Amino acid sequence: MTRQMKLGAFLWATGHHIAAWRHPKAHVTAGIDIDHYIQLARTAEAAKFDMVFCEDAAGLREANVGIASQTSRSIGFEPISLLSALAVQTSRIGLVSTASTSYNEPYGLARTFLSLDHLSGGRAGWNLVTSASPIEAANFGSTGLKPHADRYERAREFAEVVTGLWHGKLGASGHDGRSFSVRDPLDLPRSPQGAPVMVQAGASDVGRDLAARTADVVFTAAQTFEEAKAFYDDLKGRLAAYGREPDDIKIMPGVAPVVAETEAEAREKHEELQELIPDDVGVALLSSYLSISDLWRHPIDGPLPELPESEGMKSRQALVIEQSRRDNLSIRQLARHFAGARGHWRIVGTAAHVADELQARFEGGAADGFNVMPSYFPGELDAFATLVVPELQRRGLFRTEYEGRTLRDHLGLKRPV
Amino acid sequence: MHLAVSLNIAAASGQAILDFGQISSFVRKAEAAGVDMVIISDSADKPSSSPFEATTLLAALATVTNRIGLVAGASTLAHQPYNLARRFASLDIISHGRVGWNATLRQNPREAGNFSRPEGFSDDDFRRRAREFINIVRALWIGWGRDALLFDKAAGRFHDPDMMHPLNHVGEFFSVRGPLNVARSPQDRPVLIISDPAEADLDLASGAADVVLIEGQPSEALKVAVGDLKRRAAAIGRKPETVKVLATTSEPGIDSLQALLESSGCDGFNFVLPADVPGLHSFADRILPELRRHGITGQSYRGAALRSHLGLAGGGDQ
Ligand SMILES: Cc1cc2nc3c(=O)[nH]c(=O)nc-3n(C[C@H](O)[C@H](O)[C@@H](O)COP(=O)(O)O)c2cc1C
């Protein structure tokens with residue numbers, strides 16, 4: 001069979017565009033409406049998506065209350081409870097939730113995801129993140145955000161313990177490490193899919209190494225084909241060092257399509273969303289990903305200032321700086337661009353155009369699939385499912401039926417022994 | 001009177017393990033019989049045999065039931081207060097206000113060993129930590145004002161900034177800024193249940209819990225225990241009827257239960273059920289109808305929220 005792309009539906013309350021909630025067709029109470037999410041998961045399942053995917057943060061996304069109150073991001077469902085509810089309301093689609101290695105313990109997290117895996121009959125995945133925000137850190141002690149290297153050191157041990165527990169490979173003496181100690185094997189039966197799927201988001205040098213060591217799927221952000229290709233080759237190239245093969249990891253960059261029947265309609269829809277972004281909200285969002293608190297002090301129509309290397313999200317900071325230089329963008333332009341999908345790739349156009357673009361990156365060896373980030377819900381997920389998916393299927397690029405039952409089946413991943 | 005059933009989902013060794021279909025069909029029968037709530041246990045001091053962790057199971061049950069209250073056990077050792085508070089707030093929204101947290105106050109040595117605390121805590125440290133933990137969770141639950149969410153698309157005002165209150169807690173064991181990133185839940189606060197409090201936990205139980213479960217004991221002793229809890233509640237200015245005492249029993253002799261209810265002043269009973277299919281069938285098909293015949297259950301639910309079923313103060317729809 002020819003290689004087909006993997007698709008994730010990245011759910012995020014009212015939508016991925018920072019101003020999505022203000023769109024007339026966005027479901028504004030999404031963050032407190034479980035039926036809305038059940039509907040989205042069923043839409044994605046009917047379109048044969050590999051998985052739904054949820055982000056997470058153990059705290060607010062924005063520290064400034066005035067700014068936060070102009071966005072919808074301060075409230076939402078806690079994703080593990082959300083996906084557990086979706087597990088019994090769907091039957092085939094994978095269910096992947098983000099959870100932090102910085103603010104959990106491996107035994108509890110391994111147990112919780114395994115329970116989700118049992119509830120769903122082998123459809124669970126864990127997206128490992130190390131949490132880059134000082135706002136989250138303040139909910140877990142008084143010492144502030146730990147340095148990037150320390151967070152990843154903890155993450156490496158965390159991942160080792162979790163996979164050891166899932167694979168039943170924690171020795172008789174348990175685990176006694178630098179950050180964690182665990183005495184017993186997990187007290188739940190083995191996963192229906194061997195082990196839940198390991199996803200990772202985080203693309204700095206240490207992040208890539210950790211992914212090469214443990215991840216089944218990598219979620220990443222890339223703007224240009226060249227960036228995506230470089231990341232893809234680099235990460236696949238790191239696998240051999242861990243005794244793994246290139247196909248053992250699926251690389252799925254985020255993509256934020258704005259799609260409509262005609263090119264003009266798509267552009268109009270995009271403009272309509274861009275019009276809804278208050279400048280201070282856009283600049284604040286950009287600042288948080290750059291890990292800089294005083295970006296607003298710089299002239300908004302001037303260039304991005306020189307920045308010290310981030311202790312937050314190193315990979316995203318680099319991506320933004322690169323884009324600002326490449327396209328010679330002012331802070332205002334950069335902020336408006338960034339507000340659409342937080343630095344992920346945007347495609348505006350018809351289904352054929354979107355499919356062309358995805359096909360080029362997929363066949364050009366820059367992606368194994370995509371994590372689709374609709375601008376607003378439910379409309380833009382519906383548009384992707386009804387316009388783009390059939391186009392991809394016509395081209396033989398995407399499945400028309402699920403091949404198996406578990407998330408590992410969908411992704412074509414080996415079952416761990 | 002109030003009726004709860006505690007479902008110990010971990011089967012004894014040699015028994016068949018309950019699957020989701022069996023658990024949900026039992027819970028739906030209990031719902032049809034008007035049971036106030038089902039309490040799902042979590043990890044015990046011996047290895048579990050269940051495929052499920054309690055809070056994830058609860059979320060799934062919430063989508064296949066409509067009225068019955070759903071309570072999960074979760075220990076203060078296995079979680080961080082911020083994470084636990086948002087898990088339960090989220091569950092309360094998913095269930096439309098039917099969720100409770102059974103805060104386990106016993107230090108479980110297995111848990112300490114698996115959660116990077118090989119040496120555990122001294123009893124006294126554990127108790128102070130649990131108390132601080134529970135108070136943080138309760139405070140986080142009401143960090144958003146009731147009408148904080150505006151959803152005003154035109155004006156660009158999603159929420160009212162003045163109705164979002166950080167916690168800024170700095171304590172002996174935890175430091176938590178808050179607020180929660182989950183909206184205020186339908187019940188304001190999910191129902192807090194404390195089971196079998198030791199002498200030293202009685203102030204916490206009578207001060208913070210909505211429901212206190214006490215181990216089955218002879219009528220006289222039960223009466224003393226119930227009276228003590230209600231007196232302590234009154235002493236700190238709570239209405240004694242806002243602390244519900246459900247006595248825990250495993251042996252449902254109906255006549256003696258009625259007598260116990262009258263003599264002890266407790267508010268209801270909590271039946272502890274084993275995790276085996278015949279046991280659940282027998283409870284649902286034999287005991288529940290008998291309780292109904294005696295008028296102990298069978299009244300329809302008063303509202304949609306667990307707080308309403310229990311006649312508790314706070315949010316919900318009473
Ligand atoms: C595509 C992508 C998505 C991410 N999503 C989340 C998320 O939902 N929650 C979170 O806390 N961190 C998220 N992160 C960031 C992680 O927390 C990451 O571990 C952070 O420390 C930055 O990693 P890096 O410097 O290796 O890029 C994401 C990172 C990437 C690249």
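Just so it is clear: chains get the letters A, B, ... in the order the sequence lines come, proteins before strands, and each one is counted from 1. A quick note: this is a predicted structure, and the numbers were derived from the prediction, not measured.
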Student check: side-chain heavy atoms of I75(A) and N181(B) closer than 4.5 Å: no
Which atoms of A183(B) come close to chain A, meaning under 4.5 Å heavy atom to heavy atom: side chain ones, backbone ones, both, or neither? both
Would you indicate whether the side-chain heavy atoms of R111(A) and D42(B) approach each other to under 4.5 Å? yes
State, yes or no, whether a side-chain contact exists between H159(B) and S74(A) at a heavy-atom distance under 4.5 Å. yes
Worked check of side chain to side chain contact (heavy atoms under 4.5 Å, CB included) between V28(A) and F158(B): CA-CA 9 Å; V28(A) 72; F158(B) 187 81; 4.3 Å; yes
Toward chain A, the part of F20(B) with a non-hydrogen atom under 4.5 Å: side chain
Do I34(A) and I93(B) come within less than 4.5 Å of each other through their side chains, counting heavy atoms only? no
A side-chain contact here means heavy atoms from C-beta on lying under 4.5 Å apart; do R183(A) and P118(B) qualify? no
Side chain, backbone, both or neither: which part of T56(B) has a non-hydrogen atom closer than 4.5 Å to chain A? both
Expected output: side-chain S115(A) to main-chain F52(B) donor-acceptor under 3.5 Å: no
Taking Y103(A)'s backbone N and O only, do any of them form a donor-acceptor pair with N83(B)'s side chain (distance below 3.5 Å, no angle check)? yes
Taking the side chain as everything from C-beta on, heavy atoms only, tell me whether I32(A) gets closer than 4.5 Å to R184(B). no
Quick test of your reading of the model: are R87(B) and E78(A) salt-bridged, counting only N-O distances below 4.0 Å? yes
N114(B) side chain to Y107(A) backbone, donor-acceptor under 3.5 Å: no
Between T29(A), N104(A), D33(A), the one whose heavy-atom pairs under 4.5 Å with chain B are most numerous: T29(A)
Which answer fits L180(B), side chain, backbone, both or neither, if we ask what part of it has an atom under 4.5 Å from a heavy atom of chain A? backbone
Side chain, backbone, both or neither: which part of D152(B) has an atom under 4.5 Å from a heavy atom of chain A? backbone
Do I94(B) and F77(A) come within less than 4.5 Å of each other through their side chains, counting heavy atoms only? yes
Okay, H169(B) and chain A: the region with an atom under 4.5 Å from a heavy atom over there is neither
What part of A60(B) lies closer than 4.5 angstrom to a heavy atom of chain A: side chain, backbone, both or neither? both
Could you tell me whether the side chain of R22(A) and the main chain of A154(B) form a donor-acceptor pair under 3.5 Å? yes
Please test E105(A) against S116(B) for side chain to side chain contact (heavy atoms under 4.5 Å, CB included), starting from the C-alpha separation and ending with a verdict. CA-CA 8 Å; E105(A) 279 282 317; S116(B) 307; 2.7 Å; yes
Side-chain heavy-atom pair V64(B), Q89(A) within 4.5 angstrom cut-off: yes
For the backbone of A59(B) and the side chain of S81(A), can you confirm whether one donor and one acceptor N or O come within less than 3.5 Å of each other? no
